[in-house]
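Being a predicted model, the structure only gives us computed values, none of them experimental. For the numbers below, each heavy atom of this structure counts, side chains included, while hydrogens, waters and symmetry mates do not.
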Amino acid sequence: MTILADLRSRTNTWHRPSALAAVALGAVAVLCVGAMVLDQRTLAGAPIWAKPFKFAVSGALYFATWSWLVSLLPKFRRTAGLLTNLLVAIFAAEYVLLVFQAARGRASHFNFATPLDAAVFGSMAVMIAVLWVTTLALTVLMLFTKLPDRASYWAVRTGAVLSLVGITLGQLMTSPTARQLAQWKAGGPRDMVGGHTVGLEDGGPGLPILGWSTVGGDLRIPHFVGMHALQALPLLAIALAALAPRFTRLRDDVVRARLVLIGAAGYAGLIALVTWQALRAQSIVHPDATTLGAFALLVAAVGLGSWAAVRVR
């Protein structure tokens with residue numbers, strides 16, 4: 001009970017609707033695990049309830065973070081609260097459609113096979129567009145966040161901007177694939193428009209749960225990596241603050257801010273790298289020498305920058 005009371009005291013200023021949405025989606029994620037056990041159906045080679053599970057986990061993290069971020073605003077908090085309420089409503093509606101298609105054993109994204117499928121995806125596309133605009137508005141409001149700790153100050157801003165970039169990268173999946181264009185040119189049906197696998201058709205071998213392709217490029221990876229900068233960079237700032245009592249140089253908030261900015265630059269480089277890799281039809285688990293070389297340079301740059309940030313007074 002003491003732990004629960006402490007948690008309530010720490011979160012009582014957070015935006016309530018998005019916090020409740022995060023809790024609800026966490027519970028839904030558990031239900032999806034049960035559904036995967038009881039319902040053995042698959043779609044494009046993946047468990048039918050895997051996508052609702054992934055969306056629930058991602059949404060829980062997303063709304064928990066925004067619930068906290070809105071509480072940091074010194075002004076425009078009411079506006080940010082209304083915008084976050086809109087995010088919750090849009091995501092809830094989209095998630096209902098996602099579950100509806102999963103229960104029917106139908107693809108929820110890029111599916112135009114029947115009028116109902118087309119109507120569902122068309123509605124989801126409109127919702128995603130509104131979600132993007134709303135997130136953009138919230139990201140702009142985050143520029144007004146006032147935090148005494150410089151590392152957290154920059155972590156919030158860069159995390160929000162990179163998260164918006166990640167959401168935007170989802171648009172890469174909406175373009176018709178080469179096979180689809182060839183099929184249409186031959187007079188075939190326009191049953192699917194777009195996809196997440198590059199170089200192959202959706203539905204091949206993939207990583208467990210995540211489903212990311214192990215044989216081709218996968219555009220879901222940069223979308224995922226970018227979107228969760230909103231959690232990764234604030235967590236970096238929190239970790240640096242937690243380490244400060246043990247490391248003298250980290251007690252200087254300027255040093256921690258430098259490290260967060262270097263981390264943000266490295267994270268942006270990682271987003272660019274996995275996007276480039278996916279567009280080259282290369283699996284995340286089978287990088288070639290060029291990709292490995294680029295990754296090594298990125299790690300070296302972040303490492304050298306971090307060393308300089310700590311050493312330079």
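- Annotation: cation-pi pair Arg150/Trp154 absent, no NZ/CZ under 6.0 Å from the ring centroid and within 45° of its normal.
- Here the CG atom belonging to Leu162 is positioned 11.0 Å from the OG1 atom belonging to Thr168, to the nearest 0.5 angstrom.
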Practice prompt. With side chain to side chain donor-acceptor pair (under 3.5 Å) as the test, would you mind laying out the steps for Asp191 and Gln180 before giving the verdict?
Written response: CA-CA 9 Å; Asp191 51 349; Gln180 290 165 355; over 6 Å; no

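- Among residue pairs with one or both ends in residues 219-252, those qualifying as ring pair (Phe, Tyr, Trp, His ring centres under 6.0 Å) are Trp212-Phe224, Phe224-His228; sequence neighbours excluded.
- Within a 6.0 Å radius of CH2 in Trp307, other residues, nucleotides and ligands contribute 12 heavy atoms or fewer.
- In this structure, Tyr62 has its ring center no closer than 6.0 Å to that of Phe91.
- Atom-to-atom distance recorded for Ser213:OG and His286:NE2 is 9.0 Å, nearest 0.5 angstrom.
- For the atom pair CG (Asp218) and CG (Asp202), the distance works out to 7.5 Å, reported to the nearest 0.5 Å.
- Placement of Val274 and Leu279 within a single hydrophobic cluster is found when ILVMFWY residues are connected by side-chain heavy-atom separations under 4.5 Å, directly or transitively.
- Counting Ile, Leu, Val, Met, Phe, Trp and Tyr side chains that sit under 4.5 Å apart, directly or through other members, Leu200 shares a hydrophobic cluster with Val215.
- In summary, the side chains of Arg258 and Ser306 do not present any donor paired with an acceptor at a separation below 3.5 Å, with no hydrogens or angles considered.
- Sorted by first and then second residue, the ring pair (Phe, Tyr, Trp, His ring centres under 6.0 Å) pairs involving residues 105-132 (not counting sequence neighbours) are Phe55-His109, Phe110-Phe121, Phe112-Phe121.
- A donor-acceptor contact shorter than 3.5 Å is absent between the side chain of Gln231 and the backbone of Thr65.
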